[in-house]
Amino acid sequence: MTVRTRFAPSPTGLLHIGGARTALFNYLFARHHGGQFLLRIEDTDRARSTAAATQVILEGLAWLDLQPDEPAVYQSAREARHVEVAHALLDQGRAYRCYCTPEELTAMRETAIKEGRPPRYDGRWRDRDPAEAPAGVKPSIRLKVPRGGVTEVDDLVQGMVRVADAELDDMIILRSDNTPTYLHAVVVDDHDMAITHVIRGDDHLTNTFRQVQIYRAMGWDLPRFAHIPLIHGADGAKLSKRHGAVSVLEFEREGFLPEALCNYLLRLGWGHGDAEILSRDEAISLFDLDGVGRAASRMDYAKLTHLNGFWLRQADDARLARDVARRLADEPGLVLDETTEARIATLMPGLKERAKTLLELAASAAFLARRLPFAITDKAALQLTPEARAMLANLAPHLAATDFSAAAVDAALRAFAEATGRKLGQVAQPLRAALTGTTTSPPIDATLAALGREESLARIAAVTAATQDAA
RNA sequence: GUCCCGUUCGUCUAGAGGCCUAGGACACCAGCCUUUCACGUUGGUAACACGGGUUCGAAUCCCGUACGGGACGCCA
């Protein structure tokens, strides 16, 4: 039997970190077992589902490279089938029509809570003669849940979980407006899509017992279930649209790499010995449900950032250069032409070594896009003492005599430092300030080489000229 | 309120009765490296929620307590 998993988000909000991890686990599990990973958009709630939210989910999954193996299934398009199954249940006497009004149900719930009983439907239409149906009330269809037994679910993560059927009430499977409820649609769709493993957040664990009733009533085989613990916000509470949930696309904006987010998410709630850094391929070969923990976890940006730094250093230079150019394009005062992009690409090995996010990377590359005259930070200005400016003026001819390769420039710098009795740092720091307007950058030889002869000498001249003006 | 689930360093986790003087990672502190900043590297601080059992022996098994979370919708 081929393993088939699915990620089934509802397009009522955004794809947040919890949903992303659920999708990841489903994807990894399917791949690990050589099966398929599917996507189903649960848009049964027409009032709250939006096309925009669906789009965001699709974009988020694409960014994370968690593409489904088959076209996405839209639950709303399967309504006729859901109705069909509900009626089949009705015909078999496994479901019945309930003529309660929403008001009546609300009242029922409130009294129950007031009297300290669980707020559940009391089954008043379960065995009542439909002939007694009040005129003008459109009925909903409820599942007739067997009484008196115990339902067991052997969850792949949570282990054996039992709930007395008495805890379950006769839930609505078809609303009075003839639309299916989530509980019903999920079961029908999972069955029809031949899903073998339902991997989802453990907020669905209790729902499972209700869903099992539908499988049984229809005589369908049960899929295996795996309820993974939720990711909590910093305060320990569930992540939701209204609570600390951030769209995965927000992570992109903040300069995180999809491979880093996936690596981080994988390690949140799943472990395999001391493995920390995992590529997609390694994740696929190592991932299984027995490595998933049972306790909820919290998001830790520091660790995500660290992993991002690692994956950034692994990333392809051209890819990073493109991203940096894109991010810098919006900034005022910068020139993003071919020359700049060539400089960014050239210096990328040195730049990416020093950045943890693409935002930092772009910021550190910004000096390459500046054109004279540009501002010098206060800290950098401190380096440019009159003495240092004079030193740079003396240094310039030596640099000009080289071919401006990093090696040649490095040799010239060292020779100059030795000849003038200075430590390399005493030469490099003022030079860095003149070249970048800041106090940090990749190694000075690489920086010089990336900027090129003309620009480098111009930038040096700009600060040495200032000396002469002052003098 | 009822039912369900959980609890190992600050955080993510390893741990499936003796290998645990509880390991790793992030963060933090100190040192080394060094051309700034990073990276890297060496070392350090830091945890089995609590109480009872079971056992020669428990982080690991059982029970209880506390705390946390989830579910109880004609939402998904």
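FYI, side chains are in, hydrogens and waters are out, and symmetry mates aren't considered; it's all heavy atoms of this structure. Within every chain, numbering begins at 1; the chains are lettered A, B, ... in the order of the sequence lines, protein sequences first and strands thereafter. The structure displayed is predicted, hence computed values, not measured ones.
Each of S297(A) and R313(A) has a nearest nucleotide on RNA chain B; the 5'-most of these lies closest to S297(A). Map Q429(A) and M160(A) each onto its nearest nucleotide of RNA chain B; the residue landing nearer the 5' end is M160(A).
Under 3.5 Å, the side chain of R354(A) and the base of C37(B) form at least one donor-acceptor pair of N or O atoms. For T206(A) and C4(B), a side-chain-to-base donor-acceptor distance below 3.5 Å is absent, hydrogens and geometry of angles not being considered.
Distance Y121(A) OH to U2(B) P: 24 Å, rounded to the nearest Å. If you measure from atom CG of L24(A) to atom P of C12(B), you get 18 Å, rounded to the nearest angstrom. For the pair E418(A) CD and U35(B) P, the interatomic distance rounds to 14 Å; values are reported in whole Å. Look at CG on D122(A): it is 20 Å from P on U2(B), rounded to the nearest Å. Rounded to an integer number of Å, the gap from CD1 of I173(A) to P of C74(B) is 13 Å. Straight-line distance from the CG atom of L435(A) to the P atom of U36(B): 16 Å, rounded to whole Å. Protein atom CZ of R294(A) is 11 Å distant from nucleotide atom P of U13(B), rounded to whole Å. Taking atom CZ of residue R210(A) and atom P of nucleotide G73(B), one finds them 7 Å apart after rounding to whole Å.
No engagement by L431(A) is indicated, since no non-hydrogen atom pair under 4.0 Å with the nucleic acid exists. Residue R414(A) is classed as a base contact, given a heavy-atom separation below 4.0 Å to a base. Using a 4.0 Å heavy-atom criterion, one finds that G269(A) contacts the sugar-phosphate atoms exclusively. Base engagement by C100(A) is indicated by at least one non-hydrogen atom pair under 4.0 Å involving a base atom. Backbone-only engagement by L268(A) is indicated by non-hydrogen atom pairs under 4.0 Å involving sugar-phosphate atoms exclusively. Counting any heavy atom pair closer than 4.0 Å across all strands shown, L205(A) reaches sugar-phosphate atoms only and no base atom. Nucleic acid contact class of S176(A) (heavy atoms, under 4.0 Å, all strands): base. Among the heavy atoms of the strands, none lies under 4.0 Å from D43(A). Within the 4.0 angstrom heavy-atom criterion, only backbone atoms of the sugar-phosphate kind lie near T44(A); the bases stay farther away. If you check every strand for non-hydrogen atoms under 4.0 Å, H204(A) touches a base. In this structure, E42(A) reaches the sugar-phosphate backbone alone: every heavy-atom distance under 4.0 Å involves primed, P, OP1 or OP2 atoms, never a base. Using a 4.0 Å heavy-atom distance criterion, P442(A) is classed as a base contact. Residue K423(A) is classed as having no contact, given no heavy-atom separation below 4.0 Å to the nucleic acid. Among the atoms of the strands shown, base atoms are found under 4.0 Å from some heavy atom of R432(A).
Heavy-atom contacts from other residues, nucleotides or ligands closer than 6.0 Å to CD of Q314(A) number more than 12. Within 6.0 Å of atom NE2 in H32(A), more than 12 heavy atoms from other residues, nucleotides or ligands are found, so the atom counts as buried in its surroundings.
With C75(B), G23(B), A38(B) as the choices, the nucleotide that has an atom nearest any side-chain atom of R175(A) turns out to be C75(B). Comparing atom distances between the K356(A) side chain and each of U13(B), A38(B), C74(B) picks out A38(B) as nearest. Minimum atom distance to the side chain of R142(A) is reached by C74(B), of the listed C74(B), U35(B), C39(B). In this structure, the nucleotide among C4(B), A25(B), A27(B) sitting nearest to the side chain of A302(A) is A27(B). Taking the side chain of E167(A) as heavy atoms from C-beta on, and the options C74(B), C3(B), G70(B), the nearest nucleotide is C3(B). Of all nucleotides listed (U35(B), G70(B), C74(B)), C74(B) comes nearest to the side chain of I172(A). The side chain of R267(A) lies closest to C12(B), out of U35(B), C12(B), A27(B). Looking at the side chain of R298(A), the nearest of the listed nucleotides C74(B), C12(B), A27(B) is C12(B). Which of C74(B), C72(B), C39(B) sits closest to the side chain of P119(A) comes down to C72(B). Relative to the side chain of Q158(A), the nucleotides C74(B), A27(B), C5(B) differ in distance, and C5(B) lies closest.
Comparing the same atom, C1', in A16(B) and in U8(B) gives a spacing of 15 Å after rounding to whole Å. Of the P atoms belonging to A71(B) and A14(B), the separation is 24 Å, rounded to the nearest Å. G70(B) and A30(B) have their C1' atoms separated by 44 Å, given to the nearest Å. One P atom belongs to G31(B), the other to C9(B), and the distance between them is 29 Å to the nearest Å. Rounded to whole Å, the separation between the P atoms of C12(B) and G53(B) comes to 32 Å. Comparing U45(B) with A66(B), their C1' atoms sit 29 Å apart, to the nearest whole Å.
P139(A) has its side chain out of reach of W125(A): every pair of non-hydrogen atoms, C-beta onward, lies at least 4.5 Å apart.
Pair check for C48(B) finds none; no Watson-Crick or G-U wobble contact set falls under 3.5 Å. U36(B) is unpaired under the Watson-Crick or G-U wobble criterion, no partner having all donor-acceptor distances under 3.5 Å. Of all nucleotides present, only G31(B) satisfies the Watson-Crick or G-U wobble test against U41(B), with each distance under 3.5 Å. With a cut-off of 3.5 Å on both pairing distances, the Watson-Crick or G-U wobble partner of G1(B) is C72(B). The partner of C19(B) cannot be assigned: no Watson-Crick or G-U wobble pair with both contacts below 3.5 Å exists in any strand. Under the Watson-Crick or G-U wobble criterion, with both distances below 3.5 Å, A25(B) is paired with U11(B). Nucleotide C61(B) is matched to G53(B) when pairs are restricted to Watson-Crick or G-U wobble geometry with both distances under 3.5 angstrom.
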Step by step, would you call S76(A) with D43(A) a side chain to side chain donor-acceptor pair (under 3.5 Å)?
-> CA-CA 6 Å; S76(A) 57; D43(A) 52 355; 2.8 Å; yes
Start with the C-alpha distance between R210(A) and D169(A), add both sets of side-chain angles, then the distance that settles salt bridge (Lys or Arg N to Asp or Glu O under 4.0 Å), and finish with yes or no.
-> CA-CA 8 Å; R210(A) 294 172 189 281; D169(A) 60 3; 2.8 Å; yes
After noting the C-alpha distance and the side-chain angles of D189(A) and R81(A), does the key distance pass the salt bridge (Lys or Arg N to Asp or Glu O under 4.0 Å) rule?
-> CA-CA 9 Å; D189(A) 291 344; R81(A) 169 65 175 155; over 6 Å; no
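Judged by distance alone, the side chains of Q211(A) and T208(A) never bring a donor and an acceptor atom under 3.5 Å apart. A side-chain N or O of T438(A) and one of T436(A) form a donor-acceptor pair less than 3.5 Å apart.
The residue from R142(A), Q213(A), K144(A), R126(A) that alone fulfils the side-chain hydrogen bond (donor to acceptor under 3.5 Å, both in side chains) condition with D170(A) is R126(A).
Under the 30°/60° scheme for interplanar angles, the aromatic rings of F287(A) and F25(A) are found to be tilted.
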